[in-house]
J.: 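Below you'll find the structure I mean.
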Amino acid sequence: MIHQDYRLIILLLGFLDRQHFIILPWDTIKNNLLLRGAYGIRNAFNNYDTEVKYNCLWDFQNFSAFDPLDSTNNIAYPMFADEDNDDYHLQMYSPCIDAGDPDILDIDGSRSDIGYYGGPGGESYTYQDLAPRPPVNLNGEVDSTTVKITWNRNTEADFREYRIYRDTAPGFTISPQKLVGTTSDTVITDVINSKKNIYYKATAVDNQGNVSPPSEETVVVIVGVEQPKIEEKDFKLYQNYPNPFNPSTTLSYRLKSPGYVRLAVYDMKGELINELINEYQSEGYYEKLFDAKAMNLSSGVYLFRIEVKNENNIPVF
């Protein structure tokens, strides 16, 4: 069977085996988006015989299941308009635009887009030129005279640079006067010349000049003239985004130290709906997608709770 319906395939639409492969019942898969962190794709009938061509593959761990890994596939972030709210239209400058099978056309007569809205069964729409996502996981390393700020790399195809800002007040509003510098890398070094604590934020900028919202804040604590240090970040469950949401939202949290993490969602009666995370994790910043539609949940208010225990099974957060 040849699968060419130009629709979005995500992990939930296939099914997973114990090795975390997406299992799909087709011999040929074209013009689809395959996402969500699986290890690879396997055919339900003949383990590795699936022909995978002209697809966008994102967040896979490895590609050993492809036989072969066809060069027509695009390994890149697809740049959805609003995936947190199940809007899988492509943004302007998405690498999936006009990247599908050249023998298949969109309804406007151009080469097919990869994804749900491509091909003759899709739709014609205006691509939005949206700002990048804000940088995440801002961290720092400091010595007596300098601080090195790092963060996770953005993955938008039209990304241009980062702008890093500082102030001596927490929760500050970014402005040109507070700009430390710009870089296309994920690290910047700043000279410490303040007797007050220094707070940093970063924004991402694309080639068209669209600017993201600012990142979370990180702080350099000035203990003494010769003793600046990065404040040790505590355990934290951030506000989910977007909020309110329909039907999905992203939960983010930070671990000060390694531990056994349980992230769960409850209804307003305090009854457990689902355990989103229940595993040992290293220190650092994490994100988890919560999809109410996939869980068949109705509209309403839901509560998220995180619990962390250390290696001795003692609650620490």
J.: What I want to check is whether the side chains of Asn210 and Asp129 have a donor and an acceptor closer together than 3.5 Å.
T.: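 Yes, side-chain donor-acceptor contact under 3.5 Å.
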J.: Tell me if a side-chain donor or acceptor on Glu161 pairs with a main-chain N or O of Thr182 at a distance below 3.5 Å.
T.: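 No; zero donor-acceptor contacts below 3.5 Å.
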J.: Could you check whether Arg254 pairs with Glu216 (Lys NZ or Arg NE/NH1/NH2 to Asp/Glu carboxylate O, under 4.0 Å)?
T.: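 Yes, charged N to carboxylate O under 4.0 Å.
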J.: Which of parallel (below 30°), tilted (30 to 60°) and perpendicular (above 60°) describes Phe317 and Phe235?
T.: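 Ring orientation, 0 to 90° scale: parallel.
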J.: Is any NZ, NE, NH1 or NH2 atom of the basic residue among Arg262 and Glu275 found under 4.0 Å from an Asp or Glu carboxylate oxygen of the other?
T.: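 Yes.
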J.: Any sub-3.5 Å donor-acceptor pair from Asn154's side-chain atoms to Arg133's backbone N or O?
T.: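 Between the backbone of Arg133 and the side chain of Asn154 there is a qualifying donor-acceptor contact (under 3.5 Å).
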J.: State whether the side chain of Ser94 and the backbone N or O of Pro78 hold a donor-acceptor pair below 3.5 Å, judged by distance alone.
T.: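 Pair found, side chain donor or acceptor close to backbone of Pro78.
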J.: Has Asp291 got a side-chain atom pairing as donor or acceptor with Lys293's backbone, closer than 3.5 angstrom?
T.: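 Yes, the answer is positive, given that a donor and an acceptor are paired below the 3.5 Å cut-off.
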J.: If you count heavy atoms of other groups shown closer than 6.0 angstrom to CD of Gln128, is the number above 12?
T.: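 For Gln128, atom CD is not crowded (no more than 12 foreign heavy atoms under 6.0 Å).
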J.: Any non-hydrogen side-chain atom of Val219 less than 4.5 Å from a side-chain atom of Tyr200?
T.: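 Not in contact.
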J.: Any chance the rings of Phe159 and Tyr162 have centres within less than 6.0 Å?
T.: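 Ring centres of Tyr162 and Phe159 closer than 6.0 Å.
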J.: Quick check against the 3.5 Å criterion: does Asn74 have a side-chain atom that pairs as donor or acceptor with the backbone of Tyr54?
T.: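 No; judged by distance alone, with no hydrogens or angles, the pair does not exist.
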J.: Quick one: closest heavy-atom pair of Met79 and Met92, and the distance?
T.: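 Closest pair (atom of Met79, atom of Met92, distance): CE-O, 3.6 Å.
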J.: For the pair Asp167 and Lys178, find out whether any cationic side-chain nitrogen is under 4.0 Å from an anionic carboxylate oxygen.
T.: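 Salt bridge present between Asp167 and Lys178.
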J.: Can Leu251 be reached from Val308 by stepping across I, L, V, M, F, W or Y side chains whose heavy atoms are under 4.5 Å apart?
T.: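 Yes: a chain of side-chain contacts under 4.5 Å links Val308 to Leu251.
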J.: Give a yes or no on whether Tyr266 and Phe290 share a hydrophobic cluster (residues Ile, Leu, Val, Met, Phe, Trp, Tyr; joining criterion: side-chain heavy atoms under 4.5 Å apart).
T.: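 Different hydrophobic clusters.
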J.: Please report the interatomic distance CG(Leu289) to CG(Leu276), rounded to the nearest 0.5 Å.
T.: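 If I round to the nearest 0.5 Å, the distance is 9.5 Å.
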J.: Using a 3.5 Å distance criterion without hydrogens, assess whether the side chain of Ser215 forms a donor-acceptor pair with backbone atoms of Ala202.
T.: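 It does hold such a pair.
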J.: Determine whether Tyr302 and Met295 fall in the same hydrophobic cluster, where Ile, Leu, Val, Met, Phe, Trp and Tyr are linked whenever their side-chain heavy atoms lie under 4.5 Å apart.
T.: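 Yes: a chain of side-chain contacts under 4.5 Å links Tyr302 to Met295.
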J.: Are His89 and Tyr117 an aromatic pair by the rule of ring centers under 6.0 Å?
T.: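 Between Tyr117 and His89, which both carry aromatic rings, the centre distance is below 6.0 Å.
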J.: Under a 3.5 Å distance rule, please check whether Lys288 uses its side chain to pair with a backbone N or O of Leu263 as donor and acceptor.
T.: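 No; zero donor-acceptor contacts below 3.5 Å.
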J.: Do the side chain of Asn73 and the main chain of Ser71 share a donor and acceptor less than 3.5 angstrom apart?
T.: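 No; judged by distance alone, with no hydrogens or angles, the pair does not exist.
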J.: Tell me whether Asp190 is salt-bridged to Arg166, with the criterion being a basic N under 4.0 Å from an acidic carboxylate O.
T.: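 Judged by the 4.0 Å cut-off on N to carboxylate O distance, Asp190 and Arg166 do form a salt bridge.
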J.: Could you tell me the separation between the CD atom of Gln208 and the CZ atom of Arg160, rounded to the nearest 0.5 Å?
T.: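 Interatomic distance, Gln208 CD to Arg160 CZ, rounded to 0.5 Å: 8.5 Å.
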J.: Nearest heavy-atom pair of Val211 and Ala131: which atoms, and what distance?
T.: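 For Val211 versus Ala131, the nearest heavy atoms are O-CB, 3.5 Å.
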J.: Looking only at heavy atoms, what is the nearest atom pair of Leu255 and Ser282, with distance?
T.: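 Residues Leu255 and Ser282, closest heavy atoms: CD1-O, 3.4 Å.
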J.: What distance separates Thr150 OG1 from Asn139 CG, expressed to the nearest 0.5 Å?
T.: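 Answer for the OG1-CG pair, Thr150 versus Asn139, is 5.0 Å.
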J.: When you compare the side chains of Asn207 and Tyr93, does any donor N or O come within less than 3.5 Å of an acceptor on the partner?
T.: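 The criterion, which ignores hydrogens and geometry beyond distance, is not satisfied for Tyr93 and Asn207.
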J.: Indicate the atoms forming the closest heavy-atom contact of Asp113 with Asp98, along with that distance.
T.: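 Where Asp113 meets Asp98 most closely, the heavy atoms are OD1-N, 2.7 Å.
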J.: Does Tyr116 have its ring centroid less than 6.0 Å away from the ring centroid of Tyr88?
T.: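 No - the distance between ring centres of Tyr116 and Tyr88 does not fall below the 6.0 Å cut-off.
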J.: Counting N and O atoms only, with roles assigned by atom type, does the side chain of Asp106 sit under 3.5 Å from a partner on the main chain of Gly109, one being a donor and the other an acceptor?
T.: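 Checking the backbone N and O of Gly109 against the side chain of Asp106, no donor-acceptor pair under 3.5 Å is found.
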J.: Indicate if Val220 and Ile164 have the same hydrophobic cluster label, given that clusters are the connected sets of ILVMFWY residues with side-chain heavy-atom separations under 4.5 angstrom.
T.: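 Same hydrophobic cluster.
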J.: Is a side-chain donor or acceptor of Ser112 paired with a backbone partner of Leu105 at a separation under 3.5 angstrom?
T.: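 Checked: no pair found.
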J.: Could you check whether the rings of Tyr125 and Tyr127 sit parallel, tilted or perpendicular, using 30° and 60° as the cut-offs?
T.: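 Judged by the thresholds at 30° and 60°, the geometry between Tyr125 and Tyr127 is perpendicular.
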J.: So, Tyr253 and Gln281: side-chain donor and acceptor under 3.5 Å apart, yes or no?
T.: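 Result is yes, a qualifying pair exists.
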J.: Any chance you could measure Thr203, atom OG1, to Arg163, atom CZ, to the nearest 0.5 Å?
T.: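 It is 6.0 Å, given to the nearest 0.5 Å.
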J.: If you take all heavy atoms of Pro214 and Pro134, which pair is closest and at what distance?
T.: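 Heavy atoms only, the tightest pair is O-CB, 3.9 Å.
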J.: Is there a side-chain contact between Glu287 and Ser252, using heavy atoms and a 4.5 Å cut-off?
T.: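 Touching, per the 4.5 Å side-chain cut-off.
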J.: More than 12 foreign heavy atoms under 6.0 Å from CZ of Arg305: is that the case here?
T.: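 For Arg305, atom CZ is not crowded (no more than 12 foreign heavy atoms under 6.0 Å).
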J.: So, Asp185 and Thr183: side-chain donor and acceptor under 3.5 Å apart, yes or no?
T.: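 Side-chain D/A pair, Asp185 to Thr183: absent.
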J.: Rounded to the nearest 0.5 Å, what's the gap from CD1 on Ile174 to CD on Glu217? Could you check?
T.: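 So the gap between those two atoms works out to 11.5 Å.
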J.: Are more than 12 heavy atoms from other residues, nucleotides or ligands located less than 6.0 Å from atom CD of Glu279?
T.: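 Check passes, neighbour count above 12.
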J.: In the single-linkage hydrophobic clustering (I, L, V, M, F, W, Y; side-chain heavy atoms under 4.5 Å), do Ile192 and Leu138 co-cluster?
T.: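 Yes, Ile192 and Leu138 fall within the same hydrophobic cluster.
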J.: Measure across Val136 and Trp151 and return the closest heavy-atom pair with its distance rounded to 0.1 Å.
T.: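 Result for this residue pair: O-CB, 3.6 Å.
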J.: Rounded at 0.5 Å granularity, tell me how far OH in Tyr165 sits from CD1 in Ile149.
T.: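 That separation rounds to 15.0 Å.
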